[in-house]
Structure formats: structure tokens, C-alpha cells
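Below is one structure, written out as C-alpha cells; comments come after it.
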Protein chains: 2
Amino acid sequence: MDRKEADSASPRGRQRENQRERLILAAETRIATSGVASLRARDLAGDIGVALGSIYNLVTDIDELILIVGSRTLTKLDAALGEAATAHAMANPAGAIERLIAIAHRYRAFASQHRFLWRALFEFRLAEGRDVPDWVSADLKHIFRNIVEPLNTLMPWAEAEKRALMAHTLFCAVHGVVSLGLQGKMVAVPAEVVDQEVEQLLRLTCAGLLQEG
Amino acid sequence: MDRKEADSASPRGRQRENQRERLILAAETRIATSGVASLRARDLAGDIGVALGSIYNLVTDIDELILIVGSRTLTKLDAALGEAATAHAMANPAGAIERLIAIAHRYRAFASQHRFLWRALFEFRLAEGRDVPDWVSADLKHIFRNIVEPLNTLMPWAEAEKRALMAHTLFCAVHGVVSLGLQGKMVAVPAEVVDQEVEQLLRLTCAGLLQEG
DNA sequence: TGTTTTTTTGAACAATGTTCAAAATCGAGG
DNA sequence: CCTCGATTTTGAACATTGTTCAAAAAAACA
């Protein structure tokens, strides 16, 4: 019978799985140090000691490789933000605000620390026709949960849907400040100033929210 | 004597200038309809009825072409936002807030209307080593002025520098919501909802600002 | 008109992702 | 341990791109 997926128990499949993993690692390393734009099939083949064509036995595309690395980055980001989210207790609104700020600062730190991996998440454009893979939505749900939780304390009067929308808005807004600030397309802003900016933005927004309730 | 720049008064220079303009127009059209990633030197040569190599007599690079188109886009954006900025009078804080919202909505509309041109502004990454051209800073100063003006009304107690930073923060935040919202990398958000989001964000932030003063 | 200068041309090159027929390798049966 | 069919690996070849440059064409000039 023709199996499409290699049996991961057989020695053949084991070897294959190992190579694929090494390929992903190599891609991740290259993206992390030189940016997604400088990923070369031939370099990767050299990295894992395999012929050029073999890349295409392990992966259908270079794009698939980039997506896989993106998935890993998103998971790391989720972990980092989750950690920051537990840093502050959150019984009162003040605590909730601090937690939101902590998450935002962690986001900025992640972006600084994994500059190229983080950029790859947003720079990468799917080839026309392919749609966003499932893991994106999955990981994003996790991340958003961390933001919704403080919002439950800050805007208890609002419906869940409103809070979800606010979480989306805040995430995007903070992302905008971090993204444009760090990569200095317009004006390069030092990390500490970016932190100040997101902090100010969140404090003001939350002040507005509390006033509203 | 060897002139490097073609004399734009001589018939030779005239012709050259004309071709260059047609090239820029062709590039702009192609970017506007298919995105910057699908710009091809050969296509452009065909568009303006010229041999492949001639492209490089009119422009040093395809990148230069993209930068020029970016400059034009930024100028259009500046004009659009400037128009929106005059829509609301601004004697009192309420008017200032409305003006900020009007500008943000215009920004969203511009992004929707000139989707690919607008994206090209942010997607394009300068080749390593080259730095941001001057016109970027120039046009951005214009754009920021439109944001700083309402802020003068909203936070008169703050130093000019603080207001400039706030303008930067607000621009980036709105950009983030528009950018991630429209291009639906995570979740595709319809234009009206994006407008709601930026409006809410600005109202809350401004409420916070007024409270602070 | 003949000569010199400038411009235009398009063939050629380099870099890249991807394919595929052939070679190498493997695994099971004798 | 050897053989043979199946599977995997290989790397040469192809397609697509940006860019260059020697030669041809055009223009300017005397």
C-alpha cells in the first residue's frame, strides 16, 4: 500500500523525521540571524549536509518552512506573554492596568530580542491563493486570552464581545507602536522610549475606560 | 564637458525626462493593481515600449523606482490627511478630538483605497546599507503636524516635546489597528469595524488626556 | 556628408526556487 | 550473503528574475 506519510516508527521514517527537524532548525537559525529575506535553499541544503533537491523531499516549499518557523515563533511569543501575564495580581483595576503594561513591555522585549523571527511573522506574505494556516488562529486565541483577562476587571459592564474587540484593538495599537518604533522606518526610537510610549498609551486608554464605567 | 545629469531643457533631456516619467507611472500602476512584489523589470520595459536594458538608463535600480513611487504615495497621503484635518474646527477639546478621529478615519480610508500603494510604503525593506531618503522625513513632518495641532488643544499643559511624542504614539497606534485589521493576517476585520476601533481608541486616549490636565 | 558622442539595445550573466531522470540505498526473500 | 524491486537521494537542468555591457543605432556636430 502506498503510504504518503512516512511511518515515523520505521528506521526510514525516523531518519526522515530527523532530517526535517534539522532543516527546520537550520531555517530558524538563519532567519533569526539574517532575516527571512536571506533564506536560500542551497544554504539550507549545505547546513544539514544534503543535496539541494532533498530539501523538497522534506518540505514542499521554502514557504512552508517559513510558516513552520513562524508557528514556532508564535508559540514562543505566547509563552513569553503568558509569563508576563502572571507577574501582577489583578483583583483591582490598578493591578489589571499593571498587568496589561507588563504584557505590552514583554511584547516589546520579545520583538527586540527576536528581531528577525518576530519580523518574519508580519513580513511574510502568503502566496496568492493559500490561506492562513490553523495554528495562527490557535496561538492568537491564546495570546488574546491574556489581554481579555485584565479587561474583564477593567470593563466589567461591557459584553464579552466588546471586551474581545477592545483586546484586539489594544493588541494592534501596541503592535503598531512597537513595530514602527523599533524598525525605525520613519524615526528610529530607542527601546526605552517605545516602552514609555506603550505604557502611556495603555494608561490613558485604561483611564478612559474606568471613567466610562 | 561631461554633464552627469541630462539637461532637461535640451530635446535629448526632454525625451529622457519623459521616458522616466512614463516609467514611474507604469511602476505606480503596476504596484497599485498587483502589489510591489509583482513588479518586473521586463514588464515595465514592455509597458513603456523600451528595451530591457533601457530601464537602467532611467533609474539605477528597481528599488529606486519603488522608493519614488513611495514618495508619491506619501505625498498623496499627506494631502488626504491634510484635507481631513481641516474638516473640524478645533477651539474646544471636543472639536480637537473629532479632528483626530477624522484624520484617523481618513487614514483608514486611504489604506483601503490605495491598498497596494499603501502597503508598499511599509513592506518595502531598504537594501542593507542604504538609508532612508530625505523625502520620507519631510513628508512625515507634514503628516505629524496635522496630529500635533489638535494635541496642542488637548494637552496644553505639556511641553512641545511631550506632544510630539504623543503624536508619534497615536499615529503608530492607529496605524497598527488599520494595518493588522485590514490585511487580515490574524483576523480579517471589515473596514467599518476598523473605523470603530480607531475611534474608540482615540476617544479613550483623549478622555485620559483631558482627565490628566 | 563624415565623424564623434550619446543612447538604446538585447544577448549574456548571476542568483535563485523548483523539477525530475538517474544513481544510490535499503529491505526482504531466498 | 546475495539479489531484486522499491524507495530515497542526488545534482544537473530549467525557469524566472535583476543587472551588465559590448555593439548597433541615433543624434549632434563640423
Side-chain angles (χ1 to χ4, degrees), chain A residues 1-23 26-27 30-31 34-69 124-130, chain B residues 1-23 26-27 30-31 34-69 124-130:
Chain A
M1 322 303 145
D2 59 331
R3 300 213 141 286
K4 228 61 182 54
E5 297 288 311
D7 184 349
S8 64
S10 80
R12 229 70 193 286
R14 202 86 54 85
Q15 157 84 355
R16 199 191 183 67
E17 204 54 42
N18 181 282
Q19 277 187 330
R20 190 178 144 97
E21 216 143 291
R22 286 194 303 139
L23 176 61
R30 283 202 175 267
I31 293 178
S34 323
V36 72
S38 61
L39 208 59
R40 294 294 122 81
R42 283 166 178 78
D43 291 344
L44 291 170
D47 286 347
I48 66 174
V50 117
L52 176 56
S54 290
I55 298 290
Y56 297 88
N57 298 352
L58 303 172
V59 124
T60 65
D61 243 2
I62 295 294
D63 278 9
E64 183 186 336
L65 210 39
I66 297 176
L67 282 176
I68 292 170
V69 171
F124 179 64
R125 306 216 61 75
L126 281 80
E128 199 90 38
R130 282 208 252 191
Chain B
M1 320 303 140
D2 60 331
R3 301 212 141 286
K4 227 62 181 44
E5 296 288 311
D7 184 350
S8 66
S10 80
R12 231 64 194 292
R14 201 87 56 85
Q15 156 85 353
R16 197 190 186 69
E17 204 53 42
N18 180 282
Q19 278 188 329
R20 191 178 143 97
E21 215 143 293
R22 286 194 304 140
L23 176 61
R30 283 201 175 268
I31 293 178
S34 323
V36 72
S38 60
L39 208 59
R40 295 293 121 81
R42 284 166 179 78
D43 291 344
L44 291 171
D47 286 347
I48 67 174
V50 118
L52 177 58
S54 290
I55 298 289
Y56 296 89
N57 298 352
L58 303 172
V59 125
T60 65
D61 243 4
I62 295 294
D63 278 8
E64 183 185 337
L65 210 39
I66 297 176
L67 282 176
I68 292 170
V69 172
F124 179 65
R125 306 215 59 78
L126 283 81
E128 199 89 39
R130 282 207 253 191

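Basis for what follows: all heavy atoms, side chains included, without hydrogens, waters or symmetry-related copies. Everything quoted here is computed from the prediction, not taken from an experiment. Residue numbers start from 1 in every chain, and the chains themselves are labelled A, B, ... in the order their sequence lines are given, proteins ahead of strands.
The side chain to side chain contact (heavy atoms under 4.5 Å, CB included) with B:Val36 is formed by just one residue from the set B:Ile66, B:Ile62, B:Leu65; it is B:Ile66.
Here B:Gln19 contributes atom CD and B:Ile55 contributes atom CD1; the two are 9.0 Å apart, rounded to the nearest 0.5 Å. Taken to the nearest 0.5 Å, the CG atom of A:Leu44 stands 4.5 Å off from the CG atom of A:Leu39.
At whole-Å resolution of the value, CZ in A:Arg22 and P in D:dT9 are 11 Å apart. In this structure, the CZ atom of B:Arg16 is 14 Å from the C1' atom of D:dA27, given to the nearest Å. For the pair A:Ile48 CD1 and D:dT10 C1', the interatomic distance rounds to 13 Å; values are reported in whole Å. One can place CG of B:Leu65 at 13 Å from C1' of D:dG18, the figure rounded to the nearest angstrom. Taking atom CD1 on A:Ile55 and atom P on D:dT10, their separation rounds to 10 Å, with Å as the unit. Remark: P of D:dT8 and CD of A:Gln15 are 11 Å apart, rounded to the nearest angstrom.
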Subject >> Heavy-atom protein contacts under 4.0 Å, nucleotides 14-21 of chain C, coded B base, S sugar-phosphate only, - none >> reply: --BBBB--
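Taking only side-chain nitrogens and oxygens, B:Gln19 comes nearer than 4.0 Å to OP1 or OP2 of C:dT8.
Checked against side chain to side chain contact (heavy atoms under 4.5 Å, CB included), A:Leu67 has the following partners two or more places apart in sequence or in another chain: A:Phe124, A:Pro133, A:Trp135.
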**OP:** Using the side chain to side chain contact (heavy atoms under 4.5 Å, CB included) rule, take A:Leu23 and A:Val50 through it: C-alpha gap first, then chi angles, then the decisive distance, then the call.
**Re:** CA-CA 10 Å; A:Leu23 176 61; A:Val50 117; over 6 Å; no
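Applying the side-chain hydrogen bond (donor to acceptor under 3.5 Å, both in side chains) test to every pair with at least one member in residues 41-62 of chain B, sequence neighbours left out, gives these pairs: B:Arg30-B:Asp47, B:Thr60-B:Glu64, B:Asp61-B:Arg130.
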